[in-house]
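Input: one structure, supplied below.
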Amino acid sequence: MYTDAWKNEGICKMIHKYRLGGYNIVMDVNSGAIHCVDDLAFDTLDGYTLGEAFSPPAELLERYTAAEIEEAVGEIGQLVREGLLFSDEDYEWATAAKGGAPLKAICLHVAHDCNLRCGYCFAGEGEYKGARALMSAETARRAIDFLVENSRGRRELEVDFFGGEPLLNFDTVKQTVAYARSLEEPYDKNFRFTITTNGMMLNDEIETYINEEMYNVVLSLDGRKSVNDGMRKTLGGGSSYDAVVPKFQKLVKSRAESKYRSVYLRGTFTHDNLDFARDVIHMCDLGFRNVSVEPVVAEASESFAIREEDLPRIFDEYEALAGQLPERDGLNFFHFNIDLSGGPCVIKRLTGCGAGTEYLAVTPEGHIYPCHQFVGREPYMLGNLDEGVANTQLRDRLGALNVYTKPDCVDCWAKFHCGGGCAANSLTFGGDLRAAYKIGCDMHRKRVECAIMMKVAEEAAQ
Amino acid sequence: MKHIKTISAKLLKTTANSGGCGKCQASCQSACKTSVTVANQSCEK
């Protein structure tokens with residue numbers, strides 16, 4: 001793995017080159033161009049310096065003739081001239097476009113309570129360090145009003161029913177959807193609803209409702225029974241796997257015939273199952289085709305937390321998974337999704353998730369936080385539904401977060417693939433909103449490398 | 001070219017002037033909820 005960058009008068013020209021899956025891959029960071037190169041071009045790039053005549057080092061001349069090297073240098077030079085290699089970075093101005101962006105999504109914590117007891121739950125078994133509580137339909141309606149009022153100029157709005165376990169408050173979910181739908185025509189809005197559920201309360205009625213109203217469904221399952229049940233226990237300490245897998249299989253089947261198709265199985269891996277590729281494959285074997293399995297976010301003191309020494313094993317696992325996916329018909333691993341031709345604009349890539357500006361979380365009490373990960377951290381409460389966002393200083397700090405204001409992001413080759421990462425993780429692991437969650441960054445870079453390699457392999461197979 | 005095959009020539013620069021409409025899905029609303037996965041979202045413009 002190798003990253004090279006030139007900085008001149010503040011302009012950074014950066015490439016990232018690596019070998020994976022039998023391919024030599026070169027990314028031009030600023031243009032977003034991806035190249036697959038032979039060994040000659042790969043090796044020649046090591047000593048290539050912009051604006052200078054290329055003088056091949058002795059070790060290169062031991063492997064290739066001067067004529068071959070000259071040919072490769074000519075091709076590299078052509079790509080430089082076309083803006084596809086060592087291209088300029090000229091995006092910092094675009095960060096201003098996001099600072100005052102209107103709201104577009106809210107995470108509604110309709111239940112700060114849960115009917116599972118998961119060992120790694122960042123929400124503290126649903127209560128988020130507070131009291132067990134359900135959101136009233138009135139509070140939820142006010143949250144919808146808040147979203148409509150603060151989303152000027154935006155038609156597409158998103159509401160995620162979250163918890164705890166949101167199906168513990170299904171009545172409020174239904175009332176909220178009905179209310180929001182009633183505002184669509186008069187305010188020219190289109191609501192997209194998502195529900196994230198552990199599935200324990202799924203039944204025919206709820207399944208039908210979800211298929212009719214939820215644009216996206218996220219179903220929580222960690223993979224193999226032993227792995228899932230090791231963390232995701234029922235209130236009595238029993239197996240949640242046995243309780244939910246048949247329900248998930250039924251829902252996924254019926255959803256394939258419904259208005260909205262999007263459904264993800266979403267799991268978590270920990271230090272205790274670093275062979276998590278087997279969990280992804282297991283979920284595929286259960287009939288699930290859209291799978292997201294993420295590293296646990298936990299304090300280092302927890303026995304199941306991901307540690308720095310776990311990284312080599314995790315990298316091997318991601319590589320193994322990337323190698324197996326093409327053999328698994330239609331299996332879509334969320335973190336290897338990458339759209340090289342129609343992906344997000346650079347403005348989104350600079351500024352990430354928009355927590356605190358475009359995206360907010362609302363608690364059962366009507367408190368407003370930058371996102372679900374901040375809920376329960378009192379100093380990071382932005383306001384409430386009565387007064388709106390009162391802590392404008394915090395909002396502005398969050399709005400100013402981008403890949404140029406987070407020092408560890410500036411020289412990172414993957415910065416346009418994460419937008420600067422998760423602000424809550426920065427705070428938890430780095431002590432500051434602008435810090436980096438280094439283990440998370442390392443894993444994310446590996447996932448990006450794997451995702452791009454898979455695209456290169458697809459292209460090579462055509 | 002003999003030694004280099006360009007897999008994607010997407011120029012991010014061209015998206016800077018036309019982008020930022022916000023129609024795309026908020027990244028944490030999709031299927032992650034903990035790790036920001038910005039680049040695997042699709043442009044919906």
Side-chain angles (χ1 to χ4, degrees), chain A residues 30-38 40-41 71-72 75 79 83-84 90-91 94 97-98 101 104-105 154 156 158 160 194 196 218 264 266 292 294 297 334-335 337-349 352-354 358-359 371-372 416-419 421-422 440 444 455-456 459, chain B:
Chain A
N30 295 328
S31 71
I34 309 290
H35 311 283
C36 184
V37 308
D38 64 9
L40 166 61
E71 199 171 58
E75 292 186 11
L79 291 176
L84 297 173
D90 184 23
Y91 303 130
K98 268 293 183 76
K104 73 172 178 184
R154 284 195 162 149
E156 304 297 330
E158 298 164 37
D160 186 12
T194 294
T196 301
V218 181
Y264 267 94
R266 196 279 191 209
S292 165
E294 293 212 25
V297 176
F334 179 75
H335 291 290
N337 282 348
I338 197 159
D339 186 347
L340 296 182
S341 58
C345 62
V346 74
I347 294 170
K348 176 156 182 165
R349 290 169 183 265
C353 67
E358 293 183 318
Y359 176 57
C371 78
H372 55 287
F416 297 130
H417 291 268
C418 76
C422 170
H444 193 72
K455 288 291 181 186
V456 171
E459 186 75 20
Chain B
M1 286 192 178
K2 188 175 167 186
H3 305 285
I4 302 176
K5 182 180 183 184
T6 296
I7 305 297
S8 169
K10 181 179 173 66
L11 295 174
L12 292 183
K13 204 169 285 185
T14 62
T15 70
N17 292 322
S18 59
C21 70
K23 285 183 182 171
C24 52
Q25 191 176 32
S27 48
C28 245
Q29 293 286 72
S30 47
C32 60
K33 283 287 181 196
T34 52
S35 61
V36 177
T37 46
V38 170
N40 65 2
Q41 305 286 300
S42 289
C43 176
E44 297 188 28
K45 196 167 186 179

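Per chain, numbering begins at 1; letters A, B, ... match sequence-line order.
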Work out which heavy atom in A:L340 is nearest to a heavy atom in B:S8; give both atom names and the distance. O-OG, 3.4 Å

Please report the closest heavy-atom contact between A:E459 and B:I7, naming both atoms and the distance. CG-CD1, 3.6 Å

So, does A:E75 use its side chain to make a donor-acceptor pair with the main chain of B:M1 at under 3.5 Å? no

Reported OH-to-CG distance for the pair A:Y91 and B:L12, which is rounded to 0.5 angstrom: 4.5 Å

Kindly give the heavy-atom pair with the smallest separation between A:L40 and B:H3, and that separation in Å. CD2-CE1, 3.4 Å

What closest approach, in Å, do A:A33 and B:A9 show between heavy atoms, and which atom pair accounts for it? CB-CA, 4.3 Å

Euclidean distance, B:C24 SG relative to A:E358 CD, rounded to 0.5 Å: 7.5 Å

For A:L84, is it the side chain, the backbone, both or neither that has a heavy atom under 4.5 Å from a heavy atom of chain B? side chain

Side chain B:K13, main chain A:V346, donor-acceptor under 3.5 Å: no

Hey, which of B:I4, B:T6, B:T14 has the most heavy atom pairs under 4.5 Å with chain A? B:I4

Minimum heavy-atom separation for A:G343 to B:C43, with atom names? O-CB, 3.4 Å

